[in-house]
Structures are given as structure tokens and as C-alpha cells.
2 protein chains.
Amino acid sequence: MTIKEIAKLANVSLGTVDRVIHKRGKVSKKTEEKILAIIEKVNYQPNIYARGLVLNKSYTIVALVPSFIEGEYWEMPSKGIKMAEKNLSQFGVNLNILYFDQNSVPSFNEKVDELLKLKPDGVILAPVINFEAVKLTKKLESGKIPFSLIDSNIPNSKALSFIGQDAFQSGKLAAKLLCSEINSQGTISIISIKNNENHNKTLQQRIEGFKDYIYNSNFIANITLIENNIHLGTANWEENLMQACTPTNNTVGIFVPSSMIHHVAKCIEANFDTMSNIKLVGNDLIANNVKYLKKGVINYLIGQRPENQGYLALESFYKHLVLGKSVPQKKYLPLDIITQENLMYYNDDVV
Amino acid sequence: MTIKEIAKLANVSLGTVDRVIHKRGKVSKKTEEKILAIIEKVNYQPNIYARGLVLNKSYTIVALVPSFIEGEYWEMPSKGIKMAEKNLSQFGVNLNILYFDQNSVPSFNEKVDELLKLKPDGVILAPVINFEAVKLTKKLESGKIPFSLIDSNIPNSKALSFIGQDAFQSGKLAAKLLCSEINSQGTISIISIKNNENHNKTLQQRIEGFKDYIYNSNFIANITLIENNIHLGTANWEENLMQACTPTNNTVGIFVPSSMIHHVAKCIEANFDTMSNIKLVGNDLIANNVKYLKKGVINYLIGQRPENQGYLALESFYKHLVLGKSVPQKKYLPLDIITQENLMYYNDDVV
DNA sequence: GTTTAGAATGTGTACGTACACATTTTTAAT
DNA sequence: ATTAAAAATGTGTACGTACACATTCTAAAC
């Protein structure tokens with residue numbers, strides 16, 4: 001059923017039907033009612049191909065995410081965003097990715113300027129440098145540019161959507177898995193390894209969740225918790241890490257709330273004769289972590305589908321701008337538990 | 001980038017480019033190569049709106065899957081297929097779902113007749129009744145009707161795609177989780193619970209994977225394996241099940257390779273004072289299983305994303321028929337490990 | 001050097017919609 | 001009744017592709 005046929009049925013021209021459909025006015029009440037009745041009756045559905053062809057709008061989406069070197073965590077959200085672009089570019093969604101240095105506020109602001117110059121129809125933002133990110137969201141809001149957040153949220157922001165994970169729950173899950181492996185007794189070391197100076201809410205929440213699980217367990221009396229902080233790149237960080245890994249008393253498990261557990265695994269592997277019974281639980285399926293998971297040095301990794309996060313972020317703009325559909329304001333992706341046994345089917349899992 | 005622009009770049013007409021793109025021949029080798037090079041270079045993507053408009057085809061896809069009552073496993077693939085239709089109907093993908101009774105070959109064949117009468121452009125098939133399913137695939141092949149398989153595969157069939165899980169690996173994973181929970185010692189009971197008489201390859205493969213893991217472990221000496229079969233609906237099946245659950249010797253763990261572990265959980269719960277330390281690992285996030293996972297009676301469930309399977313099956317036809325893209329011949333979905341701690345984020349996870 | 005078949009290439013139209021622009025009809029003021 | 005303004009309605013073109021049909025070129029046969 002086409003506009004043409006409706007026009008014929010109503011004894012009017014295409015243009016009149018068109019005006020009614022788009023509520024452009026300039027139609028007498030009588031004809032409007034007649035046409036609406038026919039549209040209703042024949043259940044007219046516009047042909048989305050024809051509509052898409054003639055509208056042929058294209059949208060510029062700019063993604064602002066941390067730069068990375070191969071194999072680092074932030075490669076994965078980028079990968080997902082790019083994959084989404086591959087599928088959605090045919091619908092007029094055009095992507096620009098801008099990378100900033102997590103450790104440099106000037107770098108971030110430089111990219112913000114670039115971003116604004118591009119006059120985007122939508123922005124995907126990883127608010128890693130929280131304070132500056134908030135400033136950007138204010139600017140976007142006042143410029144009526146919609147934005148989606150990935151990885152971590154900015155509460156009370158007017159984001160089109162937030163796509164990430166429940167970090168607190170992720171920590172609880174890590175604790176559960178580690179406790180199961182160590183038979184719920186002994187000393188557990190939480191080692192926070194970071195490569196930048198930003199306040200990292202995600203790490204903090206994972207640690208809180210981890211502690212929460214243990215403090216509310218019925219075997220809390222059998223567990224001792226130790227916490228360590230390592231800053232990659234600082235003087236002696238490797239020695240400090242080695243120290244943190246070395247079994248004190250009765251260390252049986254280590255939890256690293258960032259994607260950096262491979263550094264711990266490397267330590268353990270180097271001293272495998274004395275440390276082989278220490279269980280490791282960490283986050284994120286980056287290549288280095290996967291390597292040690294396969295070797296059995298790391299026991300569990302928790303995945304948060306970062307590629308999927310990126311994919312969904314761009315897709316949210318497609319749904320919003322192209323299809324005119326509503327998108328969920330908040331989306332927590334599943335916390336995947338990865339072991340040697342199910343690792344192989346999590347690798348090409350973007351969509 | 002349009003055909004017109006490519007034609008201009010190559011100094012030829014639209015028609016010539018068109019012939020190259022559609023491999024209609026009647027183009028000299030030299031120009032063909034030139035055009036292909038340009039297409040490659042500019043990464044030409046056809047405008048799907050224009051294409052859709054001119055082709056204006058609609059496709060009938062028929063899905064043939066087992067019937068179910070609410071909360072049963074087969075509800076989930078159906079849900080996924082329907083969700084995909086919602087998204088894809090606007091592109092001309094029309095869906096017909098036919099439900100057959102898993103326990104009735106005549107019911108299946110009746111639906112096959114119905115299916116063929118619909119003259120589908122594609123078929124989604126759950127080959128639960130293996131022998132009959134194979135016959136159908138032969139018919140479809142000779143009628144040049146493409147088909148996709150979900151849930152379990154028919155090796156050597158000419159399916160457009162198979163979407164399912166690696167059942168053997170799923171069994172291995174189950175064994176790993178159960179052994180971790182029971183500290184790698186004691187008696188494990190494998191209880192096969194079925195509601196039909198079909199030879200179920202998936203169950204068999206899961207059991208084989210389960211055994212494989214244990215037989216190749218270094219703690220095999222500490223484990224005893226017992227196997228039981230329960231047919232729902234037969235006389236005394238409940239008594240038999242109770243018997244199978246009752247701890248003999250030193251039963252510390254139970255594995256159910258089907259989605260029916262909630263029946264076991266019900267038994268355990270009813271005798272929780274004496275059986276609370278028996279660990280349970282099963283498959284599939286159906287409502288009844290989830291209930292006992294939340295209560296802590298079931299320790300781990302392994303998910304295989306059945307909604308996703310259904311979604312991808314219909315999407316594979318969209319990609320094949322509408323977009324003309326190639327689709328992966330085989331797709332194993334991840335084996336999700338579900339516990340109390342990460343359950344909440346696996347529920348709305350269709351796409 | 002013509003002729004001619006066949007290969008190679010070019011041209012024109014349709015698909016259904018959106019929107020600018022052109023034309024006709026109605027209404028109100030004189 | 002005439003005219004101008006406003007309201008209502010009609011017309012034409014573009015979007016990018018697929019495919020039928022028309023035209024031009026090439027090489028072989030005489």
C-alpha cells in the first residue's frame with residue numbers, strides 16, 4: 001500500500017496525502033479526515049527503503065576514548081565501536097574516533113576542541129578523566145548534542161544512555177570465585193594496579209564489592225585481607241609488585257580489580273615452584289591475561305564485554321537518530337565468568 | 001560513494017559498473033579489473049535503501065521448533081526469533097513459527113507439510129527429532145530452500161548456518177565447576193532427565209565432556225561417578241528421581257545435563273537438613289532453575305543464550321537474503337557461567 | 001574495404017517517498 | 001462583480017539501484 005494508492009482512493013493528489021501524513025497543514029479538515037480514515041483502514045506503513053533513500057541523512061558521531069597500545073583494555077571498546085560503524089555506515093551513521101591520553105588533561109581538552117569543531121550529531125564518551133568529562137557533558141547539554149557514556153557513568157547527567165557494568169557486583173563475583181577456589185580460608189591480597197593517576201571509581205567499587213562479599217560471608221573469620229597499591233611506571237614498581245605477591249603468612253589468593261592481573265601472573269609464574277598454589281582472579285579478556293588463563297596461572301577472569309559496550313553505544317545513536325526509537329537509559333552488560341574451559345567461545349563475541 | 005561516482009572514476013557508464021557488481025558478464029577483463037580496483041579502493045557499500053526500494057522483495061521465513069509451555073526451555077529460542085522479526089520485518093523479512101510436539105513424529109510431519117505449503121524462502125529448524133529432521137533437510141536441499149539449524153547440528157547437511165553450542169565443552173565446564181565446589185573429591189551423580197524419547201545428542205555430548213574432564217584430571221582417584229536416567233512422565237519417575245538424589249556412600253555433587261535440574265533441586269530442598277551440602281550444576285536459565293539458583297540450592301547454571309540463538313538464526317536469513325552478505329557456517333555461542341552473583345545481568349540479554 | 005556477428009558499453013525507466021514549487025480554488029474586501 | 005489575498009491542492013524532481021533495451025565498438029570473414 002503506497003501513498004499513490006491512498007491518493008487515488010481519496011481522489012486527491014500525492015501531495016495532499018503527503019501533507020496529511022507529515023502534518024504539514026494546508027489541508028482542509030474534510031479531506032484530512034477522509035485521508036486519515038483511509039490510512040487507518042488500509043493500515044498504511046511507509047516504505048522504509050523509499051523513505052531512507054530520499055531522506056538520506058547522515059549523522060556524524062564522535063567517540064572520545066582513551067588511547068591505547070595493542071593489547072590494552074581500551075582497544076576493545078574501540079574495536080566494538082568500529083565494528084558497529086561497519087554495520088551502520090550504510091544507514092548514514094558516520095564515525096570519528098578521537099583518542100586522548102588518560103594521563104593528560106590538556107590532551108583531553110585538545111580533543112574536546114576537535115570534537116566540537118566536528119559539529120557532531122552525537123557523542124560517545126568514556127568519562128575516564130571524570131572532572132573534565134563532566135565539563136564536556138555540560139557543554140554538550142547546552143549545545144543540545146546527545147551523548148552516550150561507556151565504561152563508567154556520570155550520575156545525574158542527561159546522557160542518552162549509559163552502557164557499562166555493575167562494578168560493585170563484579171567485585172562480589174570475584175570474591176565468590178576466589179573464595180570457592182581457596183576453599184574459603186587463608187589470606188587474600190587485593191592488589192590495585194593502575195597506569196594513571198586518575199581517581200578510578202570502577203576499581204574502587206570492585207574492591208568494595210569484593211570486601212562486601214567477604215564481610216557478609218559466614219567464613220569471614222577464616223579470611224585475612226591485605227591491600228596493596230601499585231602504580232605502573234613509578235620508581236620500583238616492579239619490586240613493589242613482587243613484594244605484594246610474595247606470600248605473607250598464608251597467602252592463598254590474589255584479586256586485581258583492574259585489567260592488569262597479568263603483571264601478577266608474570267610474578268607468580270617466575271616463582272612457580274613456591275607460589276603455584278596461589279589462586280588468581282582478575283578482570284578483562286586482554287591478550288596478556290588470556291595467556292596466563294590458558295596456562296592456568298590465572299584461575300578466573302571476569303569479562304564485561306567491552307567490545308559490546310562500544311557496539312551498543314554507537315547502535316544507541318542509530319536507534320535514536322535513524323530509527324527514532326527510544327533507547328534504554330542504562331544498560332549493564334553481563335559479568336562473564338571466564339575459565340580455561342569456556343574461554344574459546346568468548347573471543348569473537350561482539351554482537 | 002555511489003555507482004555513479006564509481007562510473008565516473010572509471011570513465012565508464014553506470015551499466016558497466018552494475019554488470020561488474022552483479023557479475024553479469026559482458027564486460028572486458030580490463031575494465032572489470034579497473035572497476036573492481038576502484039570498488040575495493042573506495043570501499044563501495046551499496047545503498048541498501050535504494051537496493052531495497054528497487055528490489056522490494058519480501059521473504060517468508062518459517063521456523064519449525066518444538067512446542068512448549070511457559071517457562072520451558074524452548075520458549076527462549078522462540079522468544080529470540082520473534083524479537084528478531086520485530087526488528088527485521090520492516091526489511092521484508094516475514095516470519096511464520098510452526099510448533100511441533102517433540103514426542104510425536106506425526107505432529108512433526110504434519111507441520112512439515114504446512115511448512116512446504118508456505119513456500120518459504122528460508123527455514124529455521126530445530127532438529128530435535130533427528131531422523132525426521134534429516135529427511136526434511138534433504139527435501140529443502142532439493143527444493144533449493146536454504147535452512148538454518150539451531151540448538152543442535154546435522155553434520156554434513158548443507159545448512160546456511162548452524163547456531164548452537166559446543167555441548168562437549170559445556171560438559172567439561174560443568175565438571176570443572178562442580179569439582180571446584182566439591183573440592184575435587186567424593187561421589188558425583190550424573191542424572192539425565194528427559195521429557196521425551198528422542199535420542200538426544202546434546203545430552204550425550206555433555207555427559208561425555210563431563211567425564212572427559214574428570215578422567216583427565218589429576219584427582220580422578222578421589223572421584224566416583226554414578227549415572228542415572230529419569231524419564232519424566234513414566235510410572236514412578238518421581239520415586240526414581242528421589243532415589244537418584246539420595247546420597248549413596250558419599251554423594252557430594254549432582255550434574256544434570258539437561259535443563260531439568262530444578263526437579264533435582266526440588267528433591268534436595270525437600271530434604272535440606274540432610275542434603276544441603278550437595279552441590280548442583282545444571283544447564284539453562286529457565287525460570288524454575290533460576291528460582292533454585294537464587295535460593296542457593298543450585299550452585300551453577302551454564303547458559304547457552306538460547307534467545308540469542310533464535311535471534312541470530314533469523315538474522316542470518318536477513319543477512320543472506322536481504323543484504324546478500326555471507327554468514328558464518330557455524331556459530332557456537334559462549335557458555336555462560338551463571339551464579340547468584342551475576343544472574344541479574346543475564347536476563348534481558350537477547351541481542 | 002565492406003559486411004556482420006558478437007562483444008562491450010551506454011541509456012532510460014521504475015521503485016515510493018519528501019519536499020519545493022506551481023496551480024487552482026475559496027474567501028473576503030471593495 | 002471584481003480583485004487580491006489566503007487557503008487548498010497538484011506537479012515535478014531527486015534519492016541510488018536494478019534491469020531491460022539501445023547503441024557503439026571490435027574483429028573476423030569475404
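Here is how names work: the chains are called A, B, and so on, in the same order as the sequence lines, proteins then strands, and each is numbered from 1.
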For a quick check of understanding: with a heavy-atom distance under 4.0 Å over all strands, which category does Val54(B) fall into, base, sugar-phosphate or nothing? base

Side chain of Leu14(B), heavy atoms from C-beta onward: which of dT9(C), dT11(C), dG10(D) has the nearest atom to it? dT11(C)

Among the candidates dT17(C), dG10(C), dA18(D), find the nucleotide nearest to the side-chain atoms of Val12(B). dG10(C)

From CZ of Arg19(B) over to C1' of dT11(C), roughly how many Å is that when rounded to an integer? 10 Å

Under 3.5 Å, is there a donor on one side chain and an acceptor on the other for Gln304(A) and Asp284(A)? yes

Plane angle bin for Phe91(B) and Tyr49(A) - parallel if under 30°, tilted between 30 and 60°, otherwise perpendicular: tilted

Can you check the Ile21(B) CD1 to dG16(D) P distance for me, whole Å? 14 Å

Under a plain distance cut-off of 3.5 Å, with no hydrogens placed, do Tyr318(B) and Asn87(B) share a side-chain donor-acceptor pair? no

Is the distance from OP1 or OP2 of dT9(D) to the nearest side-chain N or O of Thr16(A) less than 4.0 Å? no

Checking side-chain contact (heavy atoms from CB on, under 4.5 Å) between Val112(B) and each of Leu136(B), Leu125(B), Leu98(B), which is the one that passes? Leu136(B)

5′-ward residue of the pair Leu53(B)/Asp18(B) relative to DNA chain D: Leu53(B)

What is the distance, to the nearest angstrom, from the CZ atom on Arg24(A) to the C1' atom on dA8(D)? 15 Å

From the set dT9(D), dT17(D), dT17(C), return the single nucleotide nearest to any side-chain atom of Thr2(A). dT17(C)

Please tell me which of the listed nucleotides, dC19(C), dT9(C), dT9(D), lies nearest to the side chain of Leu55(A)? dC19(C)

